[in-house]
Amino acid sequence: MSRRGAAAGAALLIAYLLTRLTNLGVLPMVSDEGTYITWGVRALHGVDAQDWLASLEDGKQPLLAWLMPPFLAMVDDRLIGGRLVSVLTGLANLWLIVWLTRRLFGGRAGWIAGALYVAAPIALIHDRMALYDSLVATTSLVTLVAALRWGDRPDARATLGLGAAMAAAVLTKLSALFFVGLVPILLAVNSPRALRRWWLLAQAYAIAAAAYSVLYLSPIVDNLSEGNFQRYSLTLGEVLTLPLALWGSNALFVALTALRYLGPPLAAACVAGLVWLCWRRGAAGVTLAVWTVAPLLAFVLTAKIIYSRYIVFCFVCALPGAAALLADLSSHVPRARAGLVAGAATALAAAPGLTFAVSLLRDPATAPWLDDRRWITDRFQYVESNYAGYGLREIVEALKNRAGARPVVVLTRTATGMPRDGVGAYLLHQPGVEVGLVPEQRPVRTALEDEPIRAFQLANQGAPVYYVLTDAPNGEQERRFAALNPEARLELALPKPGNHSRFLLYQLPWTAVGEDRVLSPPAAFEEGIHLAGYNVSTRSVRPGEAIRLTLYWEAAARPARDLTVFTHIAGAGDLLVGQSDGQPASGRVPTGGWRPGQFVGDTHLIQIRAVAAPGDYELRTGLYELSTLQRIPVTVAGGQRAHVVPLGRITVLQPLSGG
């Protein structure tokens, strides 16, 4: 590389790092970022493959979550750690754009394409957010480069590279199937002779298919295809009905997105460049046009819901076309002035994006986001709505400060998105904080009593209980929560820009349920199961009445089989006056599926027999294998080996008069 080329490369690198790293956390976490960072946190602290495949629970590919743990381990701020993945993939995009454009259209065009990438708002936004879209652009460019190299020399090494590129693409997002499917078309246009070695191309696809099949072989991937295609994309039957209104709306959205996030000059240069290249550069121009336009057209014709971030990779792949056009125009002036003309033309094309860049780096709420309420556009998602994280960091810091003095319980709703995954992204696995999820349609106390989680145990032991909520002022979720939990006290209410939505922090006064005990040390059963404590609703009961016993199980290892829990109230000679047997949590959480570190709250309702004589009885529990009725040995306090764990005395009272 010449000195001039080295200087250009260094300038692009410095400009890229300045624009991507400056105030990287100034835009608060948005809903989907919280989801993806939570997956990364789970992978970082994972105990088995399920934590590394957490994204499959929501029907999403896992590659982004797999890239996050090293950054989350190095950076205390989890939002910054998650976003650094996109900064890194954006840097890869910059290199790939320069390399690809230089290969297809010459050196000057390559440097222009790099400058356009650094300045284009569509790239600037998504290189600074912990979303899929910068990574999707990376896998698109890598697949394109790998396909071109395979077309040049279709040997085993190139086949492996192309297969790996497509495998990475399908592990990133389902939209990658668009450009994975375009590879044969690209080769037919650019390198038709290479297709004579079609069996090698088939092997590359086999590698990609093997990676994709892992998703379907996972036992937690039931909603993968249905959760994505049917919710967001038209079926073939729906496409054949010719939904012209939807197509027109999607096309208009794409045009407005291009004008906003490329700027009118650069958008026009991209379109003109692709047309120019098809006319003047033959196969190279057609290759780039197909790679850019075909996925864009597919989105227009199939998307039920369309967001600007879905089409980032299409716009990024269009930048080499604009760069080639500007380079060709500069070649028609004297050579001494060609560089100056090319630089001026690049600056003019990129200038509108600079306004966006300045406001995005300083105060994203003032940035000129696409804001058209005919669609769910970016200002609504990232700044104003329930999806936006304005106020989240303040609530998280308040909770961390309170957790410094004593453990706290932080609850939010079970539904994915904000606030669940915003809270999880910041507070999951944080010392002193126990994050719990409860259905928003039920009172918090009732939900925790019926399906106890670790938060229930900590609350009964005196940990303060908080609930995080986001909603429009006096909106549906807020009204529902207040009606179901009238005792809740609002502690923080933080409005978002535009006052469309607020982040809310409630404290829930908690009166301990029954008697809560911690077993120290825990009762250690064989099979790697520990009984860490229990909660009993009362120690005094009359014949015919019942007590509620909640056992707090913890898995020290993965149990090898499903075991049954027994709970007895027994007197002298093992005379039973109350009994309840069953698999943990009424069979919802069998022991064979427990994971190391998992907490299981297991509630049993034990009814006292109507003929039970008044007196003191022993409450006890244990585990047995149902097929053999053989009890599982347990080590109790003091190191003694036994087959039951004593849980104290239960007093059966005299029946009421006439009872």
Side-chain angles (χ1 to χ4, degrees), residues 19-20 22-37 77-80 82-83 86-87 120-134 253 256-263 305-312 352-397 412 416-423 425-426 468-478 492-505:
T19 55
R20 271 52 177 184
T22 300
N23 292 337
L24 184 56
V26 68
L27 176 68
M29 182 183 294
V30 301
S31 177
D32 284 350
E33 286 186 295
T35 303
Y36 307 153
I37 292 172
D77 189 322
R78 290 178 175 176
L79 177 61
I80 300 299
R83 288 180 174 176
S86 291
V87 173
I122 193 74
L124 175 65
I125 293 167
H126 295 94
D127 289 346
R128 292 171 52 89
M129 299 182 75
L131 299 173
Y132 278 89
D133 309 288
S134 181
F253 179 87
L256 293 176
T257 300
L259 292 173
R260 177 65 66 187
Y261 295 134
L262 292 176
I305 301 173
I306 189 167
Y307 301 132
S308 61
R309 64 179 184 266
Y310 287 2
I311 50 181
V312 169
L354 297 179
T355 302
F356 198 109
V358 171
S359 55
L360 183 67
L361 300 184
R362 293 176 57 187
D363 180 7
T366 66
W369 301 97
L370 185 61
D371 188 18
D372 190 320
R373 297 308 163 95
R374 288 175 289 180
W375 302 277
I376 303 175
T377 48
D378 293 341
R379 180 171 181 83
F380 180 77
Q381 286 193 82
Y382 299 160
V383 178
E384 297 179 353
S385 73
N386 296 0
Y387 305 105
Y390 280 89
L392 173 62
R393 189 182 290 272
E394 291 85 344
I395 285 177
V396 165
E397 291 303 318
T412 188
T416 188
M418 202 71 77
R420 187 197 80 174
D421 289 314
V423 169
Y426 276 122
V468 181
L469 176 67
T470 180
D471 202 2
N474 298 315
E476 177 186 354
Q477 293 179 30
E478 186 178 352
L492 287 175
L494 302 170
K496 302 176 186 182
N499 203 35
H500 173 85
S501 179
R502 298 184 298 168
F503 244 110
L504 308 171
L505 176 65

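Every heavy atom of this structure was used, including side-chain atoms; hydrogens, water molecules and symmetry mates were not. Here the structure is a predicted model, which is why all the values come from computation and not from measurement. All residue numbers refer to positions in the sequence shown, counting from 1.
- Atom-to-atom distance recorded for Ser134:OG and Ile122:CD1 is 11.0 Å, nearest 0.5 angstrom.
- Of the possible polar contacts, none joining the Lys496 side chain to the Gly391 backbone as a donor-acceptor pair under 3.5 Å is found.
- Exactly one of Asp378, Asp127, Asp32 qualifies for a salt bridge (charged side-chain N to carboxylate O under 4.0 Å, His left out) with Arg309. That residue is Asp32.
- Residues Phe253 and Leu370 have side chains in contact (heavy-atom distance under 4.5 Å, counting atoms from C-beta outward).
- Residues Ala365 and Pro497 approach most closely at CB-CG, 4.1 Å, considering heavy atoms.
- Counting non-hydrogen atoms of neighbouring residues, nucleotides and ligands closer than 6.0 angstrom, the OH atom of Tyr310 exceeds 12 such neighbours.
- A heavy-atom distance below 4.5 Å is not found between the side chains of Val423 and Val396.
- Side-chain contact between Leu392 and Pro28: absent, with no pair of heavy atoms (C-beta onward) separated by less than 4.5 Å.
- Residues Tyr36 and Ala130 approach most closely at CD1-O, 3.3 Å, considering heavy atoms.
- At a threshold of 4.5 Å between non-hydrogen side-chain atoms, the residues Gln381 and Val30 do not count as touching.
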Handout entry: Trp375 and Tyr307: CA distance, side-chain angles, deciding distance, ring-ring contact (aromatic ring centres under 6.0 Å, His included) verdict
Key = CA-CA 8 Å; Trp375 302 277; Tyr307 301 132; over 10 Å; no
Exercise for the section: Using the side chain to side chain contact (heavy atoms under 4.5 Å, CB included) rule, take Trp369 and Ile125 through it: C-alpha gap first, then chi angles, then the decisive distance, then the call. Expected result: CA-CA 10 Å; Trp369 301 97; Ile125 293 167; 3.9 Å; yes
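- The line from CG of Asp133 to CD1 of Ile311 is 10.5 Å long, rounded to the nearest 0.5 Å.
- Residue pairs satisfying the side-chain hydrogen bond (donor to acceptor under 3.5 Å, both in side chains) criterion with at least one member in residues 356-367, sequence neighbours excluded, are absent.
- Proximity of Val26 to Leu361: side-chain heavy atoms (C-beta onward) are nowhere separated by under 4.5 Å.
- A distance of 9.0 Å separates CG in Leu469 from CZ in Arg502, rounded to the nearest 0.5 Å.
- Rounded to the nearest 0.5 angstrom, Phe380 CZ and Asp372 CG are separated by 13.0 Å.
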Practice task
Evaluate the criterion side chain to side chain contact (heavy atoms under 4.5 Å, CB included) for residue pair Arg374 and Leu256; output intermediate values, then yes/no.
Solution key: CA-CA 12 Å; Arg374 288 175 289 180; Leu256 293 176; 4.1 Å; yes
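- For Asp421, there are no salt bridge (Lys or Arg N to Asp or Glu O under 4.0 Å) partners, not counting sequence neighbours.
- Ala120 and Leu262 make their closest contact through CB-CD2, 4.3 Å (heavy atoms, listed as atom of the first residue, atom of the second, distance).
- Counting only distance, with no hydrogens or angles, the side chain of Arg20 and the backbone of Arg128 share no donor-acceptor pair below 3.5 Å.
- Across Pro121 and Gly353, no two heavy atoms sit closer than the pair CG-CA, 3.5 Å.
- For the residue pair Tyr426/Arg393, the side-chain donor-acceptor check at 3.5 Å is satisfied.
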Exercise for the section: Starting from the C-alpha separation in whole Å, work towards a yes-or-no answer on side chain to side chain contact (heavy atoms under 4.5 Å, CB included) for Leu27 and Tyr390. Expected result: CA-CA 8 Å; Leu27 176 68; Tyr390 280 89; 4.1 Å; yes
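- Between Met129 atom CE and Arg83 atom CZ the span is 5.5 Å, to the nearest 0.5 Å.
- When the salt bridge (Lys or Arg N to Asp or Glu O under 4.0 Å) test is applied to Arg373, the partners found at least two apart in sequence or on another chain are Asp371, Glu384.
- Between the CE atom in Met418 and the CE atom in Met29 there is a gap of 6.5 Å [rounded to 0.5 Å].
- Considering only heavy atoms from C-beta on, Glu33 comes within 4.5 Å of Leu131 through its side chain.
- For the pair Thr19 and Leu124, the tightest heavy-atom approach, listed with the atom from each and the gap, is O-CD1, 3.4 Å.
- Leu492 has its side chain out of reach of Phe503: every pair of non-hydrogen atoms, C-beta onward, lies at least 4.5 Å apart.
- Residue Thr470 comes nearest to Pro419 through the heavy atom pair CG2-CD, 3.5 Å, listed as atom of the first residue, atom of the second, then distance.
- Within the 4.5 Å cutoff, the side chain of Ser86 has no heavy atoms near those of the His126 side chain.
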